Amino acid sequence: MRYDLVIFDNDGVLVDSEPLSNTVLAAYLTELGHPTTYEDSLRDYMGGALHRVHDTILERTGQQLPESFDTDFHARVFAAFARELKPVDGVGDVLAWLKESGTPYCVASSGSHERIRFGHGVTGLDRWFPEDRVFSAEDVGRGKPAPDLFLHAAHVMGVPPERCAVVEDSPLGVQAARAAGMDVYGFTAMTPAAGLGPVTAGFGSMAELPDLLR
């Protein structure tokens, strides 16, 4: 292995949650008087922490979202997850390969710990990620595209940034990984490689990832 640690994004990389969460987000913002399409939501918010939604709406409209926005949004998302969430196809095989090869891995997500845990519980991925391998934007002051979350995960896991590989599917996540001084592999299921930014390599199927990391 070329790397001492593999850091996975969560939404869209481990769990196939981006279509669900962005559909919910677009509908909720529209309901609140901020017309937003599914495509708008993907473009503006995919890969970012929830504070990005607050900041963007305030900047564009001068209006603040309701105090209950986060709680209500998470309730809607969790309901959608309970009905429909699946693991990303093939990711279990990648995790099994990493474990068998003795390569440390973790997850570093813009989502809250509650959201990560709920999604992993629904999909059965919780068996691969004990608490000490789960990192959230809640753990740091700034979420992606700032490098803080990835640097925090690497520090806790005891691995220098240059020995880390990040697996991401959003431009914000790619920016964060690059800013952290890490190689980043772009999963192109939702965003074409050209739209992700300067990835080390792009891949469209999880079956391709082990050969890229070797």
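Nothing here was measured: the structure is a model prediction, and the numbers come from that model. Residue numbers count from 1 along this sequence.
Because its NZ or CZ atom is not both nearer than 6.0 Å to the ring centre of F78 and within 45° of the ring axis, R115 does not count as a cation-pi partner of that residue.
Taking a cutoff of 4.0 Å between a charged side-chain nitrogen and a carboxylate oxygen, D16 and K86 do not qualify as a salt bridge. Between D40 and R43 a salt bridge is recorded (basic side-chain N to carboxylate O distance below 4.0 Å). Between D55 and R60 no salt bridge is recorded (no basic side-chain N to carboxylate O distance below 4.0 Å). Look at R76 and E31 and you find a salt bridge, because one of the NZ, NE, NH1 or NH2 atoms lies within 4.0 Å of a carboxylate O, short of that distance. Between K144 and D9 there is a salt bridge, since a side-chain N of the basic residue sits under 4.0 Å from a carboxylate O of the acidic one.
A donor-acceptor pair under 3.5 Å links the side-chain atoms of T36 to the main chain of H34, judged by distance alone. Proximity of a side-chain donor or acceptor of Y105 to a complementary backbone N or O of W128 within less than 3.5 Å is detected. In terms of modelled atom types and a separation under 3.5 Å, the side chain of T200 and the main chain of V184 share a donor-acceptor contact. A donor-acceptor pair under 3.5 Å is absent between the side-chain atoms of R214 and the main chain of M1, judged by distance alone.
Taking the ring centroids of F203 and F187, they lie under the 6.0 Å cut-off.
Inspection of the T56 and D44 side chains reveals no N or O donor paired with an N or O acceptor under 3.5 Å.
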Step by step, work out the side-chain hydrogen bond (donor to acceptor under 3.5 Å, both in side chains) result for D183 and Y3.
CA-CA 9 Å; D183 284 354; Y3 302 100; 2.6 Å; yes
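Atoms CG and SG, from L98 and C106 in turn, are 11.0 Å apart once rounded to the nearest 0.5 Å.
A continuous path of hydrophobic side-chain contacts links F73 to F81 [ILVMFWY only; heavy atoms under 4.5 Å].
Of the options L14, V13, L95, a side chain to side chain contact (heavy atoms under 4.5 Å, CB included) to M206 is made by V13 and by none of the others. Checked options H155, M182, R178; the residue passing with F150 is M182 (criterion: side chain to side chain contact (heavy atoms under 4.5 Å, CB included)).
Taking each heavy atom of G111 and S136 in turn, the nearest pair found is O-OG, 2.6 Å. Smallest separation of non-hydrogen atoms from T103 and S101: OG1-OG, 3.0 Å.
Using a 4.5 Å cut-off on side-chain heavy atoms (C-beta onward), F69 and Q64 make no contact.
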